[in-house]
Structure formats: structure tokens, C-alpha cells
There are 2 protein chains.
Amino acid sequence: MRVLIVDDDNLVAMSLKTILSSDSEIEVVGTGSSGDEAIELYNKTKPDVLLMDIRMNGMTGLEAGAKILEKNRDAKILYLTTFNDDEYIIKAISIGAKGYIIKQDFESIIPAVKSVFKGQSVFGNAITEKLPDIINKKKSFDYESYGITSQEKEIIEEVAKGLSNKEIADELCLSEGTVRNYLSNILRKLDLRDRTNLAIFYYQNQ
Amino acid sequence: MRVLIVDDDNLVAMSLKTILSSDSEIEVVGTGSSGDEAIELYNKTKPDVLLMDIRMNGMTGLEAGAKILEKNRDAKILYLTTFNDDEYIIKAISIGAKGYIIKQDFESIIPAVKSVFKGQSVFGNAITEKLPDIINKKKSFDYESYGITSQEKEIIEEVAKGLSNKEIADELCLSEGTVRNYLSNILRKLDLRDRTNLAIFYYQNQ
DNA sequence: TTAAGGATGTGACATTTGTCACATCCTTTT
DNA sequence: AAAAGGATGTGACAAATGTCACATCCTTAA
């Protein structure tokens, strides 16, 4: 099992190399410290698994990974990160990375590399907990912190269904005028222009 | 590492038991053959990992898993399936399952169980390939089949950004009246009432 | 060449939308 | 009890929206 390691922190790269080399099934075929190097070394060594940091100076690991995957659709990239970053994980899966684990969890790295080598996808401990939310895309905007009341929140839900003011009024047993007032307040609070933008906001923050 | 196995095909359950028991770190604490049994045995044995089939007579593995996770938020459920089913995998991740692999891939089962035990998530070979699409939810509505022209498609994009007719007109170098006409046609073709519903439609089919 | 059809535009119209000032109740606080 | 504040309502208004009939221009097909 041939592994390429890329991390812009040289100490980390070396530590990883030491750890991985201790396993008899693994051979570290190279170490790099930038996105450019990742691409270059990947093409040169064609490793079974590329273990790469996400945050790096210059080209990020994600950009480098995307480029590598463009040319090598079967590349197996396992990302390492110092902390959990929801945005990154979605992006990582999107481009086709095979895993995403945190560096701190040393013991998990070797099994993860092996799993990825076998063609599985592996997501680390802390990331695993967030997967359901990520799948459900529940960023769930905190309406309360913008002073949106529960009644107003209901109006937002109805607007997001595409109902007119009249229909919302009927639905919530209010007068149309009141619905308008509520909506007007909502738009001011969220700094949006009209109900269409509110609906868009709703779905983008859902 | 205590593992509970549930599969409505008894032969499969026994095979799995044999395979897993061959590993010194693993102890199979029970085998069941239905969703109800899964819940019952889970509560009785409190295993570290529950290895369960998705398709079962009566209650499905997903339903049983959801119920178990309601009461035991840290339950580690690894699903086994005979084939790849995109709908199931989304559902599985949504409820908080820790893995999803195919039965045929025997060699992967033990490493997968171990990874899940450690808190990672594991997705099997064939499933891994589909993850990017699943994350991107590329249902990508076929506007063409509804007779939406490319110009109209552009208008839709602009509406989905929340722009007014006037702004869209400026953006696309058309008169406001023309934009209205286009929009009117779009709404008729897609059987939608107004721009808000169009934006909603856009984001729901994105 | 002519007819057809598409893209673009105009004007008119009814409706919906968003805003504002203000009015009524009702409950809570002082 | 009086004051304050929230929830709900009204009326008026300007702007934006959606629809329709029709006009122009250009390209393409017959």
C-alpha cells in the first residue's frame, strides 16, 4: 500500500511518515508540503492513497485534490484537518475525496488509510457526529438572534411554501393586513427586499 | 468489542457471526432476524456496534435503527445491504447511522466494524463512488423537457438570485417588459403562480 | 419570395406587495 | 389605576408584479 503525504507543516508530515511507516503494509512513497507539490508528487509516484492537509499555504488541499481528481478519477484522497470544518467537509465530499479525519486522532489514521485503500470512505469521529446535519443541510439559521418572534417565524414558513398574504392570513387566522405588517417587519429585521428574497434566504439557510 | 448482528436471512446472520467471531477483538453478543428483535436485543445487550440489514420483513432496518437511536443517541449502527440504494443511504445518514457497506464485500466488514467502534463512519466501495452526487443532490431538474429555453433559464437564475424585473432587464440587456413576458411564460410552463414560487421551485430542484 | 416563427418590445390593466401611520385590545409592570 | 408594550387590525398609498393583446424585426423554411 503506497501512500503519499502532503502537509505544509513539515513536522506533521514527518510525524505522519513515521507513524505510517511503522506499519508493515504501508510504504510512504513521498512527502510534500504544498498543493503544487501534491500534484507533482502524485503524478510522479501514483500512490494508492494521498494523505493531505486541507489548509495549506498557496493552493489549498481541496484545490489540489480537485485537480488531481480531474486527471485521475480513481485517486484516493484522505484529508486531514486540525479541526472540524463543515464547509470543508461538504466541499471535500463534493470533489470526491474518500475520507476526512482529524489529525489529533493518531490511532485512527492507519486504519483510515487502510479502509480508503480498500475503496471505502472514512469520516473521523467528530465529523461523523455532524454527518446527519450535513446531509440534511441543517445549518438552521438562528432567527431568534435577529429578533424574529415565533409568530413571525410561522409567517416565514408560509412564505417559504409560496403562499400569498391572503392565504397566509387564512392559514394562521389573521387579517391580511396583519400578515403584511408582520412580513414587513421580518423583511426589515433580516434586511431583505421582498418575499422572494425571504424564500431564497429560507432555502439557503435551511 | 461487542457486536450485535441482525439480518432476516438466518444464513447470512450466521455467516456474519462466524466471520466476526474469527477476530479476537470481536465478540458477537447476539443475532436477530427482524427490526423488533433488533430493538429488543439492542436494549438487552447494549452492544458497541449493531450490524444490521436494511431490508427486512416487517420493520425495516432503518425504522428499527431510528427507534434505537431515539433512545440511545450514541448507538453505533452499521448497515449492510445487498445492493446500493441511494435513497437508503441518505436516509441512513440522516438518522445517524455510522456506516453503510455491501454484504458481498466480506473482507471489508471486520475493518468497517472496527472503524465504527472507534467512532468513525465507513461507507463501502460502491457507495463511496456515489457520495459526491448525493452530497450535491444533483437532481437537476430538466427544464428543457418543460420547454424552457436557454434565455428563459437565465431569467430563472436571476429570479433565484432575488432580482427584480428591472434589475434582470439591466443584467440581461432586455427591456423590463420583455423580462415580464418571459417570466410570465416561464410561470405558465412550470405551472407556478409567481416569482416567489419560482425561486422556491428552483431551490427545491437544485 | 413569401410565410412562419422566434425574439424583443410597448401599453394597458388588475392584483399583489411592501410601507406607514395610526387604532384597538389585552396583559404586564410600576 | 396608569403607563407601557405587545399583538392584531385598518386604510391609504406607491411600487412591483403578472397578464394580455399586439407591434417590430430578423431569420429560417417552404
Side-chain angles (χ1 to χ4, degrees), chain A residues 137-206, chain B residues 137-206:
Chain A
K137 282 200 183 164
K138 273 187 189 156
K139 278 177 266 175
S140 70
F141 179 75
D142 182 15
Y143 288 97
E144 281 72 21
S145 72
Y146 277 74
I148 300 291
T149 68
S150 63
Q151 181 73 292
E152 287 169 341
K153 185 69 200 301
E154 289 215 57
I155 304 260
I156 294 176
E157 302 282 352
E158 302 298 323
V159 169
K161 287 182 197 161
L163 303 189
S164 69
N165 290 330
K166 182 79 184 70
E167 286 168 332
I168 297 173
D170 290 348
E171 194 78 23
L172 303 182
C173 296
L174 294 171
S175 85
E176 189 187 336
T178 303
V179 172
R180 286 187 193 189
N181 289 336
Y182 278 126
L183 189 50
S184 193
N185 290 331
I186 292 167
L187 295 176
R188 185 172 34 71
K189 287 178 184 176
L190 296 178
D191 194 27
L192 295 169
R193 189 164 48 178
D194 51 37
R195 68 202 302 109
T196 303
N197 279 276
L198 176 58
I200 293 169
F201 179 87
Y202 178 89
Y203 284 102
Q204 284 185 339
N205 289 288
Q206 199 187 6
Chain B
K137 280 195 186 169
K138 277 189 184 152
K139 279 179 267 177
S140 72
F141 180 74
D142 182 14
Y143 288 97
E144 283 71 22
S145 73
Y146 278 74
I148 300 291
T149 68
S150 62
Q151 180 74 293
E152 287 169 341
K153 186 70 200 300
E154 288 213 59
I155 304 261
I156 295 176
E157 301 283 350
E158 302 298 322
V159 168
K161 287 182 196 161
L163 303 188
S164 69
N165 290 331
K166 180 79 184 67
E167 288 168 331
I168 296 174
D170 290 348
E171 194 79 24
L172 303 183
C173 297
L174 294 171
S175 85
E176 189 187 336
T178 305
V179 172
R180 286 189 194 185
N181 289 337
Y182 277 128
L183 190 49
S184 193
N185 290 331
I186 292 166
L187 295 177
R188 184 172 35 71
K189 287 177 184 176
L190 296 177
D191 194 25
L192 295 168
R193 189 165 46 179
D194 51 38
R195 68 200 303 108
T196 303
N197 280 276
L198 176 58
I200 293 168
F201 179 85
Y202 179 88
Y203 284 102
Q204 285 185 337
N205 288 289
Q206 198 187 8

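Just so it is clear, the model here is predicted, and its values are computed rather than measured.
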Distance in angstrom units between B:L172 CG and C:dT8 P, rounded: 10 Å
Between C:dT16 (P) and A:D170 (CG): distance, integer Å: 12 Å
Distance in Å, B:T196 OG1 paired with B:F201 CZ, rounded so as to fall on 0.5 Å steps: 15.0 Å
Spacing of B:I186 atom CD1 relative to D:dT17 atom P, expressed in whole Å: 14 Å
Any B:R188 side-chain N or O less than 4.0 Å from OP1/OP2 of D:dT19: no
Gap between atoms CZ and P, on B:R193 and C:dT16 respectively (whole Å): 9 Å
First of B:E176 and A:D194 reached from the 5' end of DNA chain C, by closest nucleotide: B:E176
Side chain of A:S175 (C-beta onward), nearest among D:dG18, C:dT17, D:dG9: D:dG9
Length of the CG-C1' vector between A:L187 and D:dA16, whole Å: 14 Å
Nucleotide nearest B:Y182 when distance is taken to its side chain, options D:dT19, C:dA7, C:dG18: C:dA7
N/O donor-acceptor pair, side chain B:N181 with base C:dT10, under 3.5 angstrom: yes
Between D:dG6 (C1') and A:N185 (CG): distance, integer Å: 12 Å
Side chain A:N197, main chain B:G162, donor-acceptor under 3.5 Å: yes
Short side-chain N/O contact to C:dG6 OP1/OP2 from B:T149, under 4.0 Å: no
Pairing of A:E157 and A:K161 as salt bridge, 4.0 angstrom limit: no
Candidates C:dG18, D:dG18, D:dG9 - which lies nearest the side chain of A:T178: D:dG9
Short side-chain N/O contact from B:Q151 to OP1 or OP2 of C:dG6, under 4.0 Å: no
Spacing of CG belonging to A:D194 relative to CG belonging to A:L183, to within rounding of 0.5 Å: 9.0 Å
Any B:N165 side-chain nitrogen or oxygen under 4.0 Å from OP1 or OP2 of D:dA16: no
Counterpart residues, side-chain contact (heavy atoms from CB on, under 4.5 Å), relative to A:N185 (two or more places apart): A:E152, A:R188
Interatomic distance, B:L174 CG vs D:dC25 C1' [rounded to whole Å]: 15 Å
Sugar-phosphate only, base, or nothing, as touched by B:S164 at under 4.0 Å among non-hydrogen atoms: sugar-phosphate
Closest to side chain of B:R180, choosing from C:dT19, D:dT19, C:dT8: D:dT19
d(CG, A:L183; P, D:dA15) in whole Å: 19 Å
